[in-house]
Peer 1: 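To start, I am sharing the structure in question, which I have written as structure tokens.
In what follows, every heavy atom counts, from backbone to side chain, and hydrogens, waters and symmetry copies are set aside. Convention: sequence-line order gives letters A, B, ...; per-chain numbering from 1.
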Number of protein chains: 2
Amino acid sequence: MISISEALGLIDQHAARLPAAPMAALDAIGCLLAEDVASDIDSPPYDKAMMDGYAVIAADLASGVAELEVIEEITAGNVPTKTVAPSQAARIMTGAPIPEGADAVVMIELTQKLDDGRVRIEAPGISVGKNIMPRASSLACGVTVLPSGKRLRALEVGILAEVGRDQVTVIPRPRVTVLSTGDELVDVTEMPGPGRIRNSNGPMLMAQIAAAGGSAEDLGIARDVRADLSAKIARGLEADILVLSGGVSAGVLDLVPSILAEQQVTQIFHKVNLKPGKPIWFGKRDSGGKSTLVFGLPGNPVSSLVCFELFVRRAIGLLAGLTANDLRSAEVELAEPFVHRGDRPTLFPARWGDATQRTATPLAWKGSADLAAMGAADLLLQFPAGDAEYRAGDRVSAIVL
Amino acid sequence: MISISEALGLIDQHAARLPAAPMAALDAIGCLLAEDVASDIDSPPYDKAMMDGYAVIAADLASGVAELEVIEEITAGNVPTKTVAPSQAARIMTGAPIPEGADAVVMIELTQKLDDGRVRIEAPGISVGKNIMPRASSLACGVTVLPSGKRLRALEVGILAEVGRDQVTVIPRPRVTVLSTGDELVDVTEMPGPGRIRNSNGPMLMAQIAAAGGSAEDLGIARDVRADLSAKIARGLEADILVLSGGVSAGVLDLVPSILAEQQVTQIFHKVNLKPGKPIWFGKRDSGGKSTLVFGLPGNPVSSLVCFELFVRRAIGLLAGLTANDLRSAEVELAEPFVHRGDRPTLFPARWGDATQRTATPLAWKGSADLAAMGAADLLLQFPAGDAEYRAGDRVSAIVL
């Protein structure tokens with residue numbers, strides 16, 4: 001049985017970044033850019049007014065006061081038609097182009113319209129360039145504005161829009177299929193009869209995949225019958241990752257491993273020294289230049305949750321272009337003393353110990369297959385094997401839920 | 001001109017939680033639950049095997065070793081048909097119901113099948129209840145498993161599924177419409193001609209709304225013409241929040257304020273002592289029992305970004321059921337000394353100073369209308385008005401982008 005870090009190392013080794021693909025910028029939030037994006041324009045495209053007011057010649061205001069002839073009104077979206085000469089000014093709106101001749105903008109609050117159509121300005125210390133954003137000072141044509149590898153946020157969507165890009169080349173979201181297996185499962189909306197339980201792992205995995213940045217597809221429930229399992233597994237293998245829920249423990253009806261072998265999926269590991277989650281299975285199929293990773297998660301809901309957060313989330317991140325370094329687990333301080341007992345490395349639910357989320361308080365948890373009791377958990381603390389007493393303030397690795 | 005905290009106070013006063021509505025559980029991730037959800041079943045519905053192995057009578061193993069008759073095989077999804085009597089055992093799979101008579105499960109690894117069909121078990125210290133999860137120990141019918149006010153994550157989707165709920169009553173995502181105004185704007189994919197700029201705020205706001213938990217709808221660009229603006233504003237007011245980009249500064253062509261007044265939108269504030277973002281406008285319409293909040297954001301992309309993160313994100317959160325306390329800004333430590341100069345409270349871009357995201361380094365930033373230079377920003381630091389020298393380690397309020 002391998003350790004958690006050996007298992008993570010094997011996932012790192014086999015989970016390769018997906019090939020880049022074009023995508024609508026608004027759909028690509030959270031994805032990594034896979035091209036250097038250069039500006040196709042100068043921005044601003046002209047010397048631009050940063051204030052509503054008057055475009056003036058700074059030298060006219062050397063004394064701090066002047067009364068100037070207003071030669072035209074330039075609104076945003078219009079271009080100036082006249083040249084500002086000494087003792088002249090042009091009314092100008094924020095964002096509009098500075099007219100020829102002018103070299104500063106005085107804000108409207110410092111000005112007063114006179115009855116004769118002129119404007120009186122009281123503005124000491126107006127220097128050349130005041131309230132003007134020079135052409136190309138934000139973006140210069142041909143210069144890279146967003147480098148390959150940058151993760152797209154709303155801000156980057158704005159920058160892309162400035163350079164004319166509503167489509168962009170990114171590492172796409174990994175496609176992840178979910179197949180729940182087991183004759184005991186019924187759909188969520190059914191009332192489970194004797195010996196049956198609802199398929200809670202399927203919906204939970206769908207939500208976990210979306211939260212991890214994957215694109216999730218639910219294949220429903222496969223019965224413990226070779227033909228049904230085989231067809232659904234074949235369909236699941238068309239994705240980048242197939243997540244099987246249940247079907248990989250050592251039981252007599254566990255047909256899954258043999259069907260996976262039939263479909264050219266090679267086992268990479270089975271069982272990790274971990275509590276809960278020991279029976280996790282990981283494999284890979286390489287076929288026609290395409291790889292599919294396969295995770296078999298234990299049917300127990302808490303084990304399934306933990307294995308996903310520890311292993312599958314990491315694989316989704318790597319396929320989406322993150323590096324192992326990006327995927328390090330967090331560290332928190334224990335808010336109170338804690339005694340951990342157990343012969344396996346354990347992921348133990350905890351809640352935030354303070355509002356700043358720097359400390360964590362382990363939950364009163366029986367370590368059972370009890371998903372409902374996990375509802376209070378904000379994170380999972382990772383304790384090494386063996387009995388140990390921890391003090392408040394001790395640092396522990398953690399996975400934030 | 002009001003302060004940032006006065007503006008936030010007015011938003012808190014006017015942004016009321018939306019009425020609860022039913023939603024598919026998988027679509028409701030991130031939403032607040034608006035009902036107490038109780039279990040409709042006992043879970044497990046029966047005393048359940050926690051291990052693959054043999055269901056036994058613990059007393060038969062008092063000596064630590066026994067050879068037992070195997071009376072049947074119980075797979076997950078089947079029900080036991082026989083009662084285990086002394087010196088008997090039933091083969092049982094993880095998740096299957098414990099047969100009558102048995103009171104413990106021995107894991108398969110401690111057992112050995114004998115040629116005569118019996119099983120030899122070497123398992124010292126097997127106590128009553130070992131590897132059995134008792135009926136209703138996770139969920140008991142009628143007992144609340146998720147209280148109203150809980151924010152739904154993947155984990156909660158799993159718990160909801162366990163109690164038969166694929167639909168749930170939540171505070172829905174606020175519907176937010178975005179209307180970009182200005183004759184100078186062209187669509188992202190167009191090459192801007194003289195005096196024109198691309199509409200970068202529209203797509204950026206769409207992405208910011210989604211990131212803030214809103215449901216965004218783009219109304220496109222309205223020209224500075226009364227009829228066009230009026231029709232699009234009327235449509236925008238059907239949402240919970242209308243965000244206008246541009247059109248609320250003091251310019252002659254700013255038709256927006258008068259059209260808003262015509263459509264019964266009451267101004268709550270205009271202008272906040274803030275840099276960048278001073279010209280922000282906030283109002284509200286109450287009509288037929290429905291309220292719509294209206295934000296007029298400055299056309300300058302950096303001002304728009306900042307005003308959204310500071311004010312609109314907060315309103316979306318409040319409508320979605322968060323409290324002002326949930327929406328406190330974060331605090332970070334400066335990673336290096338910094339001198340801030342300015343007569344207005346300023347939001348200044350910074351990047352994370354370390355991998356643990358506890359410190360921040362202000363960017364070399366000219367404070368211009370330069371969106372591209374913001375691409376390196378991870379967060380916005382909030383400095384009070386006035387010139388001040390900060391030391392490394394000083395704590396500063398921050399908005400994470």
Side-chain angles (χ1 to χ4, degrees), chain A residues 25-26 29 41 45 50 52 75-79 93-95 97 108 133 137-139 145-146 153-159 161-162 164 166 182-184 188-189 191-192 194-196 198-201 203-204 206-208 210-211 249-251 253 299 301 305 368-372 374-375 401, chain B residues 25-26 29 41 45 50 52 75-79 93-95 97 108 133 137-139 145-146 153-159 161-162 164 166 182-184 188-189 191-192 194-196 198-201 203-204 206-208 210-211 249-251 253 299 301 305 368-372 374-375 401:
Chain A
L26 272 173
I29 298 289
I41 51 164
M50 299 291 292
D52 274 337
T75 57
N78 287 335
V79 286
M93 312 291 291
T94 301
I108 190 82
M133 185 172 180
S137 59
S138 170
L139 302 172
V145 290
L146 292 173
R153 301 167 294 172
L155 176 49
E156 281 72 32
V157 169
I159 296 171
E162 283 198 331
D166 63 349
D183 282 345
E184 76 279 22
V188 171
T189 50
M191 178 58 74
R196 299 284 183 271
R198 288 186 176 122
N199 175 25
S200 59
N201 288 357
M204 184 162 66
M206 292 292 290
Q208 286 180 290
S249 58
L253 277 188
L305 175 86
S368 70
D370 184 355
L371 188 64
M374 299 279 293
L401 290 174
Chain B
L26 272 173
I29 297 290
I41 52 165
M50 299 291 293
D52 274 336
T75 58
N78 287 335
V79 285
M93 314 291 292
T94 301
I108 189 83
M133 185 172 180
S137 57
S138 170
L139 302 172
V145 290
L146 293 173
R153 301 168 294 173
L155 175 49
E156 280 73 31
V157 170
I159 296 171
E162 284 197 331
D166 63 348
D183 282 344
E184 76 280 19
V188 171
T189 50
M191 176 59 72
R196 299 283 183 274
R198 288 185 176 122
N199 176 25
S200 58
N201 287 359
M204 184 163 65
M206 293 291 292
Q208 286 180 290
S249 56
L253 278 187
L305 176 86
S368 72
D370 183 355
L371 187 65
M374 300 278 294
L401 291 175

Peer 1: Does any heavy atom of chain A fall under 4.5 Å from the side chain of B:Glu156, the backbone, both, or neither of them?
Peer 2: side chain
Peer 1: Is B:Leu401 close to A:Leu155 at the side-chain level, that is, under 4.5 Å between some pair of heavy atoms?
Peer 2: yes
Peer 1: So for B:Pro203, is it side chain, backbone, both, or neither that comes closer than 4.5 Å to the heavy atoms of chain A?
Peer 2: both
Peer 1: If you measure from CD on B:Glu162 to CG on A:Asn201, what distance do you get to the nearest 0.5 Å?
Peer 2: 8.0 Å
Peer 1: Report the option among B:Gly95, B:Ala154, B:Pro97, B:Gly182 that has the most heavy-atom pairs separated by less than 4.5 Å from atoms of chain A.
Peer 2: B:Ala154
Peer 1: With rounding to the nearest 0.5 Å, note down the distance linking CG in A:Leu139 to CG in B:Leu371.
Peer 2: 8.0 Å
Peer 1: What's the separation between atom CZ in B:Arg153 and atom CG in A:Leu305, rounded to the nearest 0.5 Å?
Peer 2: 9.0 Å
Peer 1: Which value, rounded to the nearest 0.5 Å, describes the distance between B:Thr94 atom OG1 and A:Glu184 atom CD?
Peer 2: 10.0 Å
Peer 1: Quick check: do A:Met206 and B:Val157 have side-chain heavy atoms less than 4.5 Å from each other?
Peer 2: no
Peer 1: If I compare all heavy atoms of A:Ser200 with all of B:Gly158, which pair ends up nearest, and what's the gap?
Peer 2: CB-O, 3.4 Å
Peer 1: Give me the atom names and distance for the closest heavy-atom approach of A:Ile159 to B:Gly375.
Peer 2: CD1-CA, 3.8 Å
Peer 1: Looking at A:Leu146, A:Ile29, A:Asp166, A:Val145, which makes the most heavy-atom pairs under 4.5 Å with chain B?
Peer 2: A:Asp166
